[in-house]
Structures are given as C-alpha cells and as structure tokens.
Undergrad: 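The structure follows.
Just so it is clear, the model here is predicted, and its values are computed rather than measured.
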Amino acid sequence: MTDESSYASSEIRTIALAVIAGVFFGGVATGVAFPTLPLLDEKLVISAIMLSVILSANRIARLFVNTPAGTIIDRVGARKPMIFGLFTQALAPFGYILGLYTPPAKLGTVALLGDVSLPGVVFVLSRLFWGIGSAFVFLGAFATITHVTTADNRGRWVGYMRGGQSLGFPTGLVVGGLLTDIASMEAAFLIAGGLALLAGIVATLVLPDVHAGAEGRSASLREVPSLLAGNPAVVLVGYGNFAVRFLWGGILLTTLARYAHDFGLKLSVLDAAGISGMVMGLGVLTSGSMTIATGRVSDLVSDRTLLTVPAFLSMGAGFLIIAYVPTIEALLGAIVLLGVGMGAAAPSLLAIVGDLTPGDELGRMGGAYQVMGDIGLSLGPLVAIPAVDSWFGYRLTYVLCAALVLSCLTIVSVPLLRNPDVSRTGMKAD
C-alpha cells in the first residue's frame, strides 16, 4: 500500500465523516430491527425457524456478496458501489413496512422451515437487500478510508469508522425499542429507512472517486482461499477476524441469556433477558469506545500488531472469568474485558490489512477479510447452544473460547510481529 496521500487533512476529515455517517446510520437501522423482528412470527404467519431465516438472511447474503463487491470496487472505484450499497440498505426498512401490510396468505409448508407466508417472503427479500447493501457499504468505506489516508493517520480514521459502526447498533436497539413502544413498528422502520436514505444522500454529495482500474480476475466466495494464498499475512489477520467475530458475535451473544438464566443471575428487577441485554449493551459501548481510542494509538506505535497482544489477552481473561465465576459482578467485569479486547483488536487488524494491500486490490482483499469474519458470525450461533447444552457445558465451552482467542497470539501476533512488511517503520523506510 502506498504511503502517500494527495488529500489534505480537511478533505480527509470531510470524506471520513461522510463514510462514518454511512456506517453509523447503517448500524442504527440494523439495531432498530432487532427489538421488533423477533416479535413478528405470529403476525407474519411463519414458524420460528422461518423467523430465524429472516434474522440471518442478511448475513447469508453478505457472505456471498463480499468478494464480488470487492472486485467491483477495485474496478470502478469505491464511490458508486458504496452509494449503491447505502441506497440498497435503505430499501430494507421500507420492505419491512411493506411486509407488515402484505396479506398474511400462507404459501405452503417447506421441509425444515415449516409454514411459509407471503409477508415472510417479503421480509426475507428485504433482509437479503440489506445484506447485499451492507457488503458494498463496508468494503466501500474500507477502501475509501484506506485510499485517502496514509500509514501515519490510517489507524485513527479506521478506528473512527469501526467505532461508528459499533456504536450505531446499540443506538438502533434503543431507538427501535422506544419507537415501537411509544409509537409503532411502522414508525421504527420508517425512521430506520429515513436515516439510511440520509446517509446515501450525504455520501452522494461528499464521497470522491478514489483509485480504480484493477485488471485482475474477479473473485467469488469459492476463490477466497486462492486469493488469500497470494498474501499470507492477510490470512493471519483474517484468522484473527474470524476468531473474534466467532466468539463475540457468535458464541457470547447467543449464550449470554441462557447463561444468566441457568445460573440464576439477577440485578435489581432484571432477570436473564434484561441482564443479557444490559451486559451486551455495556460490551458494545466498551468495544466501540475502545475502537475509537485504539485507532489513534495504532498510528503512534511502530507496529500495529503490538496492540493485538493485550487485546487477545484481555478477551482470553474475560472468557475465563465467565467460565469460573458465574456471578453478576464477575460477568460485568468480564464483559468489559471482552469489549476492551474486541475494540483493540478490530481496528488494528483492519488497518493492517490496509497497510499490506496494494491500492488496486483493496476491494477484493477487504472482501476476503470480511468473508472470514462473516463465517465466524454465521458459525458461532450454530455451535453455541449445542456446545453449552449437550457437548461441553458452560465452563468448558468458555475455557475453549479463551483457548481459541489466545491461539491468536501464536497464529496472528507473533508471525506478524516478525514480518517486516507489517512494520510501519519499515514501510516509511521503503
């Protein structure tokens, strides 16, 4: 990646703020959906499994769209694909409103899925649109920030971008819950769609055309292994992204409410559901705040990989505390450690990808990196419940989680620290 930028500090700030607004409002709109969608199975005349498909459809779509989206960004630049992604995302909340008013006609019964209705199909399609749009938004944001910054300020703006993304989701949870209670689901979805449209309008007015014109072959999901084989250092970073997403967004998010229930954890009037929501909110806020701080710090150290060492240690300690001390006080302390670790690891790993990747490969390599994270996010919920209920129990499951994140020290941190291409001192010397 080149270490020169033709953009002045004021231009970088304007462009980065437009990008951050896009990912933040995208996070808000995602969060708005979560307090409401799980309540719709009876209204939509669908089974619980079909409801799960609706909730996961965006991740499934994004998993398959990441690498093609990256290829498009490398060929035509980041501006148009990111604007396309923002407006495509905006279709989803309006699709939810359409689904609420679609006649509840039952289309039939499908093996494994159970009852399938017309409004259920509308919601699945809306979530698929959201997943497609989010792939273009994240990769366009990553490519734009990386192109306009240098190794001296990239960590700061990548941190702000990921922080905006992280903080948008809990903001959406609050907005969605409040609007649904005091107004209606339609009002919550309308606000989410309006915010997404606003982000697209701002991006259209502000985002520049950045470098494009890559002549390399296109990439699809099945070609991710060969794409990563050409850049082994990014494979290591991708493993770290897989591990933290698998553990944070997969195992922890899925098992927290059951953990609180099975161990009888209470806090004032809150039972398991309330405790899990409060704890995850604390974790997300800690992670988002730490992401913003870590981005700036990563610009001051000679090698961003140094920050991954305390990050992985912090996450490992958090899982061990949850495993061995099942109390509400210990859980709150553990979630802070996990949030700190997640918030320190995420921007450092993403900035390293930007440092290592040539400008005409940012989209494809960013897509491959995102695929590894999405595999973790998708796989985690599938194994989490069987792991704690049938396979290992809570203690061994969380000990294994600690072992997985600590394995990143030897698989990610140590090899990258020994790689001169990752050192920002080395990049400046070149």
Side-chain angles (χ1 to χ4, degrees), residues 1-8 11-27 62 65-90 130-151 153-162 164-165 168 196-219 227 231 234 295 347 350-371 373-374:
M1 181 67 199
T2 180
D3 194 34
E4 298 179 357
S5 173
S6 59
Y7 294 89
E11 292 176 304
I12 293 174
R13 184 180 301 108
T14 300
I15 294 167
L17 289 176
V19 169
I20 293 165
V23 297
F24 175 79
F25 288 134
R62 191 173 65 194
V65 173
N66 277 324
T67 41
T71 299
I72 292 170
I73 287 169
D74 287 339
R75 288 183 173 175
V76 307
R79 172 183 161 82
K80 291 180 180 177
M82 185 172 178
I83 292 172
F84 164 80
L86 288 166
F87 283 112
T88 302
Q89 279 190 160
W130 184 267
I132 293 169
S134 67
F136 281 96
V137 169
F138 175 82
L139 295 175
F142 167 66
T144 301
I145 292 289
T146 304
H147 274 300
V148 303
T149 57
T150 69
N153 60 14
R154 182 168 301 125
R156 169 189 178 188
W157 290 111
V158 165
Y160 288 164
M161 181 192 80
R162 290 307 298 258
Q165 187 179 33
L197 285 175
L198 177 62
I201 293 170
V202 171
T204 303
L205 296 174
V206 174
L207 287 186
D209 272 320
V210 296
H211 179 76
E215 298 296 333
R217 63 180 174 85
S218 61
L227 183 64
N231 198 333
V234 175
L350 189 58
I352 290 170
V353 174
D355 291 339
L356 290 171
T357 305
D360 59 357
E361 296 180 4
L362 277 171
R364 283 168 292 170
M365 203 60 69
Y369 171 85
Q370 183 75 343
V371 163
D374 281 342

Undergrad: Does the side chain to side chain contact (heavy atoms under 4.5 Å, CB included) test come out yes or no for Leu350 and Phe138, once each step is laid out?
TA: CA-CA 11 Å; Leu350 189 58; Phe138 175 82; 4.1 Å; yes
Undergrad: Between Gly85 and Val137, what is the shortest heavy-atom contact and its length?
TA: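 Answer, listing the atom of Gly85 first, then Val137: C-CG2, 3.5 Å.
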Undergrad: Does Arg156 have any side-chain hydrogen bond (donor to acceptor under 3.5 Å, both in side chains) partners at least two apart in sequence or in another chain, and if so, which?
TA: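 If we apply the side-chain hydrogen bond (donor to acceptor under 3.5 Å, both in side chains) test to Arg156, skipping adjacent residues, there are no hits.
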Undergrad: What I'd like to find out is whether the side chain of Leu86 reaches to under 4.5 Å of the side chain of Gln89, using heavy atoms alone.
TA: yes
Undergrad: Side chain of Arg62, backbone of Ala135: donor and acceptor closer than 3.5 Å?
TA: no
Undergrad: Looking at every heavy atom in both Met161 and Ala141, which two are closest together, and how far apart are they?
TA: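 That would be SD-CB, 3.5 Å.
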Undergrad: Which atom pair, heavy atoms only, marks the closest approach of Ile20 to Gly164?
TA: CG2-CA, 4.4 Å
Undergrad: Are Thr204 and Arg79 side-chain neighbours, meaning at least one heavy-atom pair lies under 4.5 Å?
TA: yes
Undergrad: Which atom names give the shortest non-hydrogen contact between Pro81 and Val76, and what distance separates them?
TA: CG-CG2, 3.7 Å
Undergrad: If only atom types and distance count, is the side chain of Ser134 paired as donor or acceptor with the main-chain N or O of Gly131 below 3.5 Å?
TA: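 Confirmed, Ser134 side chain pairs with Gly131 backbone.
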Undergrad: Can you name the one residue among Val353, Asp374, Asn66 that meets side chain to side chain contact (heavy atoms under 4.5 Å, CB included) with Tyr369?
TA: Val353
Undergrad: Atom CD1 of Ile132 and atom CZ of Phe84: how far apart are they, to the nearest 0.5 Å?
TA: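 Rounded to the nearest 0.5 Å, the CD1-CZ separation comes out at 7.0 Å.
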Undergrad: Could you report the tightest heavy-atom contact between Gly22 and Ala199, atom names first, then the distance?
TA: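 In terms of heavy atoms, the two residues are closest at CA-CB, 3.8 Å.
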Undergrad: Which word best sums up how the rings of Tyr160 and Trp157 line up, parallel for under 30°, tilted for 30 to 60°, or perpendicular for over 60°?
TA: perpendicular
Undergrad: Could you measure the distance from the OG1 atom of Thr144 to the CD1 atom of Ile12? Nearest 0.5 Å is fine.
TA: 12.5 Å
Undergrad: Measuring from Ile15:CD1 to His147:NE2, what's the distance to the nearest 0.5 Å?
TA: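 Here the rounded value is 12.0 Å.
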Undergrad: Do the side chains of Phe136 and Ile72 get nearer than 4.5 Å, heavy atoms only?
TA: yes
Undergrad: Taking all non-hydrogen atoms of both residues, which atom of Leu139 and which atom of Ala69 are closest, and how far apart?
TA: CD1-CB, 4.0 Å
